[in-house]
Structure formats: C-alpha cells, structure tokens
Amino acid sequence: MQLTDSLGRTINYLRLSVTDRCNMRCSYCMPAEGVARKCHDDVLRYEELHLIAETAVGLGIEKIRITGGEPLVRAGIVEFLSRLSNIDGLRHLALTTNGLLLDKMAADLYEAGVQRLNVSLDSLKSETFAAITRGGDLDRVLAGLDAAEKAGFPPPKINMVVMRGVNDGEILDFAELTRSRGNSVRFIEYMPVIKEEGWQRYCISGEEILERIAARHTLEHVCKGAFAGPSRDFRIQGARGTLGIITAVSGHFCGECNRIRVTSTGQGKGCLFSDEQVNLLPFLRPPSPANLARALRGIVMAKPQGHHITNNGYEHQNFTMAQIGG
Ligand code: SAM
Ligand code: SF4
C-alpha cells in the first residue's frame, strides 16, 4: 500500500520520538538548563508507541527512525526495538543517537534488529565538542562508532550541524571521514529553534559547505536510495562513504518530503516547522486502531506544501528539537 499526501508526495517514513530527555545539552538544540521534564504519564508507553508504529506501517510507512531526546537513555529501549523490528511490512528500522551510550549498547541494538545508526557529531576536537554539547565526552562517542561497526553495523551515518565560527573549520575533516573510516556524513544547516539573538550569524548554506569541499575534492553525484531523505548526496572519488547536505533552511526540499513525525507525548506532526499538530492520545488511551489510522492519515493529508522559516517575521516556535526528535 502506498501512502500519498494531498500534493502527491509519497510518505513512507515515520520519525518516532521515544523520549524528550537527553544526557547532553547541545547548544543548538536545548537551553543549558534542559527542558521541563514531562511527567511520567504524559510520555507514551511502549505499547502505545508500538501501536502507532504498527498502524503507520499498515498505512504504507516502510521506514521508522527512532529518535528523541536521546533514545538510548530510555529504560527498556532494546526490548522495544526488538518488538518493533518484527512488525510485518516494516522494511527499515533506524535510530539516531548522540552516541554517548553506544559503546555499551551497540551489540544489543544490532541484535534487536536495528539496521542503521545515525550518530550526531559536530566536532572532532574534544574542546569544541564539549563546548557545543555543554560537557559531552568526544572519546565516548568515537568509541561508540567503533563499537557499532564491531557489532556488525555498517559505518554509522554522521550528522554534523555546521555553525559558522564554531565548527565550520572542520568541514573538510568530516568530509575526510567518508574516505578514512567509510562513514557517510550529512552536513546539516543550523536551524533556528533556540530563541537566541543573532542566530543568523551561525548559518552557513549547504551550497557554501559544498563549495568548500568541492574546492578540495572532485565530487560525484550519488543516486538516492529507496528511503532517502532530503539530502543531496555526493561522493569524493574513491571514498566508501557518501557526503550530503541537508538544506533545511536555505533549500527547498519540501517538494520531496517523505516523512511525518510523532513526539514522545503523542503529538503527530506533518512538518517539523509547523505549529500544526494532532493529539493522538485520544486514540491510544484506550487504544482505538481504526481511529488512530484515520488520525495518521489526516496528518499526512494535511502536510503543508512547505515551511516558512526563511520568511521575514518567522516566529520561533515554542519547542526544542529534543521535544520533536529532529
Ligand atoms: N539525541 C539524538 C541525537 O542528537 O542524534 C537524537 C535527537 S536530535 C534532536 C536529532 C537531530 O536533530 C540531531 O542530528 C541534531 O543534530 C539535530 N538538531 C537538533 N537541533 C538542531 C538545530 N537547531 N539545527 C539543526 N539540526 C538540529
Ligand atoms: Fe540531546 Fe540530541 Fe538535542 Fe544534543 S541534539 S541535546 S544529543 S537531543
């Protein structure tokens, strides 16, 4: 079954957030003091998350990415993933993590049926990494990358949020990882989700990132895979990994958007940057699969044509990325 929105876009990808808690405090994602903790009852139980996943797959979703907050801090996550990977019709189960707990958990995640890991990593310099993440330990993340491969995963995809004056001097070092370690690297434009004065100073367009890499390397275009997201992908000649730019801010990839999102508190969203959300709790407590399916289909049909974050007068919304799952 194919799930198509009102503009004819195929929607086959669900980003499912399992928690808004995190063991890091990345400066671009949440305030230093963190976000107000949801009370236990507000966060979806695993049975509820499973029902959402199963229902979405029944509608035509083929890929699910588990995200957060930091998904690996939630107790019972491995057992949950194991159940998820057994959903009939789910073709691809992926997880996005900051990597801090990966060295301990990689083998269990592989065993549970997770097929692909994305690791968010914004600097290869310990001090810069600690500054961006407000105290994160780079060595643990690097150990996590090694552990993932040892466990049997393909080299994890690395997501780097590029910020001018903070880590843009490392763009070429990250591009080099596609050759030296075989990781695929996605360069993500900094998005204004934290209400910070003068946020524009951090922005570097995907085009500029690409130009800086192309000035040093010959890049080949890479054809997109079945569940490819909105990145434009390239390969340095001879490299095992690919590199891609995600131009969420400067680009206009909305025409190719293939995803919906559900937060850990059961809010369904058709667009990361839209205020529109649908409360799925009434269809989960008590469970009502038919109504849940109707609500998920409604989210797909109401997906906006595009976002407006580059418009003058764009108002920061009252959320953090950790609450939605990126
Ligand atoms: N904790 C996990 C992690 O960091 O990978 C998963 C959740 S995190 C919210 C998902 C993704 O959102 C990460 O790759 C992170 O870099 C990205 N992200 C968060 N805030 C962002 C921002 N302001 N601009 C661009 N990307 C952002
Ligand atoms: Fe946590 Fe991920 Fe947000 Fe960093 S980007 S604070 S690791 S949720």
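Computed from a predicted model, the values in this text were never measured in an experiment. In each ligand, atom 1 is the first atom listed, and ligand 1 is the first ligand listed. Side chains included, hydrogens not; waters and symmetry mates left out as well; all remaining heavy atoms used.
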> Where do D173 and K125 land on the salt bridge (charged side-chain N to carboxylate O under 4.0 Å, His left out) test, with the steps shown first?
Replying inline: CA-CA 10 Å; D173 297 337; K125 297 178 182 166; 5.5 Å; no

> In chain order, what residues pass the side-chain contact (heavy atoms from CB on, under 4.5 Å) check against E149, with sequence neighbours excluded?
Replying inline: P155, P156, R181

>> Within the 4.0 Å heavy-atom shell around G69, which atoms of ligand 2 are there?
In response: 8 (S)

> Quick one: do the S231 and D233 side chains pair a donor with an acceptor below 3.5 Å?
Replying inline: yes

>> Taking salt bridge (charged side-chain N to carboxylate O under 4.0 Å, His left out) as the cut-off, I'd like each qualifying pair that reaches into residues 285-302, sequence neighbours left out, listed once.
In response: E48-R285

Atom [atom1] of [X]: over 12 foreign heavy atoms under 6.0 Å:
{"X": "E33", "atom1": "CD", "answer": "yes"}
{"X": "E111", "atom1": "CD", "answer": "no"}
{"X": "R83", "atom1": "CZ", "answer": "no"}
{"X": "R21", "atom1": "CZ", "answer": "no"}
{"X": "Y46", "atom1": "OH", "answer": "yes"}

>> With 2.8 Å as the threshold, which protein atoms of type N, O or S lie near atom 4 (Fe) of ligand 2? Leave waters out.
In response: C26 SG

> Side chains of F187 and N159: closer than 4.5 Å at any heavy-atom pair?
Replying inline: no

Check each N or O atom of ligand 1 against all protein N or O atoms and list the pairs under 3.5 Å, with atom names and distances to 0.1 Å, one per line.
| residue | atom | partner | partner atom | Å |
| --- | --- | --- | --- | --- |
| ligand 1 | 1 (N) | G69 | O | 3.0 |
| ligand 1 | 1 (N) | E70 | OE1 | 3.2 |
| ligand 1 | 4 (O) | S120 | OG | 3.3 |
| ligand 1 | 5 (O) | T97 | O | 3.3 |
| ligand 1 | 5 (O) | S120 | OG | 2.5 |
| ligand 1 | 14 (O) | S120 | OG | 2.7 |
| ligand 1 | 14 (O) | N159 | ND2 | 3.4 |
| ligand 1 | 16 (O) | Y28 | OH | 3.3 |
| ligand 1 | 23 (N) | Y28 | O | 2.9 |
| ligand 1 | 23 (N) | M191 | O | 2.9 |
| ligand 1 | 24 (N) | M191 | N | 3.0 |

